[in-house]
Amino acid sequence: MTARAVTLLRGSLGLVFIWFGALKVADVTPVADLVARTVPWLDRGFLLVSLGTAEIVLGAALWLGRLLRWVAAVALVHLLGTFLVLVVQPQAAFQAGNPLLLTTEGEFVVKNLVLITACLVLMSADRSRQARRPLDVGNDRDEVERAVPEPHSGGRSDRRAVGVEAQRPVTAPATD
C-alpha cells in the first residue's frame, strides 16, 4: 500500500504543478496579479512564463519519478517562495491585518503547507527506496522477506540472499 500511496502522491502533486504551471504560461491564472505584485521588480509576463515553465517541468519530473528526492526538494523550495505573499503583501493575505483571519489569497498561500509536507514525504520515500536498493527488491514487505528470510524459517540462508555461496554446516564429530 505504501508504494501505491507514494505513486499516487507523486502523480497528484505532478498534476497540480503541471496544471497550475500551464495556467501561468497561458496567463489565465487567477493568481497572476497576486504573483506580479509580490515580485514587482520582475516583468509580469517574464515572471509568469518562467514560473509556469518551471512548474510544468517539476510536474513532469514528479510523474517520471527519477531523482525524486532532488525534484521534491526543488518543488519544496519553489513552494516556500509562495510565502513571500505573507511578507510582501500582508494586506492581500490577512483580513484587517489579523494573521488568524485569512483572505482567499491567504488561504491559497497557507494551503501550500500541505504541498510542502507532500514534498517531504516524497523525499523520505525516495531515501527509503535508495536504502533498500542493494537488495534489489521492491517495496513489498513479502518480497523483502522472501529475499532475506529469518534464519529459523527453513528458507534460503542469508548468505545466498545476498549472493554469497552458502557453505555446508559444520557438524561436531560423533562421540561414543
Side-chain angles (χ1 to χ4, degrees), residues 1-133 137-141 143-144:
M1 179 63 175
T2 302
R4 284 189 210 111
V6 168
T7 301
L8 288 171
L9 185 59
R10 256 189 333 104
S12 62
L13 193 58
L15 175 64
V16 167
F17 268 95
I18 291 170
W19 194 346
F20 286 11
L23 291 173
K24 286 181 182 79
V25 169
D27 197 4
V28 293
T29 181
V31 297
D33 292 333
L34 178 67
V35 171
R37 286 191 315 265
T38 302
V39 191
W41 55 88
L42 291 177
D43 176 67
R44 181 183 190 277
F46 172 77
L47 178 63
L48 289 177
V49 170
S50 298
L51 281 176
T53 302
E55 289 176 356
I56 291 169
V57 169
L58 281 171
L62 285 165
W63 270 358
L64 292 173
R66 304 280 186 216
L67 301 172
L68 187 55
R69 189 174 1 166
W70 294 103
V71 171
V74 171
L76 184 144
V77 170
H78 172 73
L79 289 165
L80 286 173
T82 63
F83 288 92
L84 278 174
V85 171
L86 305 179
V87 176
V88 176
Q89 298 189 78
Q91 73 284 357
F94 307 117
Q95 297 177 38
N98 184 339
L100 298 177
L101 299 175
L102 296 170
T103 63
T104 303
E105 291 84 355
E107 287 186 21
F108 174 78
V109 170
V110 172
K111 66 93 176 87
N112 283 344
L113 288 172
V114 176
L115 299 179
I116 288 168
T117 304
C119 290
L120 291 171
V121 168
L122 291 177
M123 290 168 68
S124 173
D126 189 55
R127 176 166 284 163
S128 296
R129 193 179 87 207
Q130 294 290 333
R132 285 191 301 270
R133 187 166 281 156
V137 294
N139 294 334
D140 186 66
R141 182 180 173 97
E143 192 173 339
V144 172

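These numbers come from a predicted model, not from an experiment.
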Discussion item. What verdict does the side-chain contact (heavy atoms from CB on, under 4.5 Å) test give for Val88 and Arg37, after you've listed the backbone C-alpha separation in whole Å, the side-chain angles of each residue and the deciding distance to 0.1 Å?
Written reply: CA-CA 9 Å; Val88 176; Arg37 286 191 315 265; over 6 Å; no
Worksheet item: Within the distance-only criterion (no hydrogens, no angle test), does the side chain of Thr53 pair as donor or acceptor with the backbone N or O of Ser50 below 3.5 angstrom?
Response: no
Response to the item:
The salt bridge (Lys or Arg N to Asp or Glu O under 4.0 Å) partners of Glu55 (sequence neighbours excluded) come to Lys24
Worksheet item: So, do Phe94 and Leu101 sit near enough that their side-chain heavy atoms are less than 4.5 Å apart?
Response: no
Discussion item. Contact between Leu76 and Leu115 at the side-chain level, heavy atoms closer than 4.5 Å - yes or no?
Written reply: no
Discussion item. Minimum heavy-atom separation for Ala75 and Phe17, please, with both atom names.
Written reply: CB-CZ, 3.8 Å
Item to complete: Work out which heavy atom in Gln95 is nearest to a heavy atom in Leu102; give both atom names and the distance.
Response: NE2-O, 2.9 Å
Fill in: Heavy-atom closest pair, residues Cys119 and Leu13
SG-CD2, 3.8 Å
Discussion item. Check whether Thr103 reaches the backbone of Ala92 with its side chain - one donor and one acceptor, N or O, closer than 3.5 Å.
Written reply: yes
Discussion item. If you compare all heavy atoms of Met123 against all heavy atoms of Arg69, which two are closest, and at what distance to 0.1 Å?
Written reply: CG-O, 3.6 Å
Item to complete: State, with a plain yes or no, whether a side-chain heavy atom of Leu62 is found less than 4.5 Å away from one of Leu122.
Response: yes
Worksheet item: Is Trp41 close to Leu47 at the side-chain level, that is, under 4.5 Å between some pair of heavy atoms?
Response: no
Worksheet item: Okay, side chain of Arg10, backbone of Trp63: is any donor-acceptor separation there less than 3.5 Å?
Response: yes
Worksheet item: Are the side chain of Ser124 and the backbone of Leu120 linked by a donor-acceptor contact shorter than 3.5 Å?
Response: no
Fill in: Non-hydrogen side-chain atoms of His78 and Leu51 separated by less than 4.5 Å
yes
Fill in: CD1 on Ile116 to NZ on Lys111, rounded to 0.5 Å
9.5 Å
Fill in: Minimum heavy-atom distance between Ala32 and Asp27, given as atom pair plus value
CB-OD1, 3.9 Å
Item to complete: Please report the shortest heavy-atom distance between Leu34 and Thr38, naming the atom on each side.
Response: O-OG1, 2.7 Å
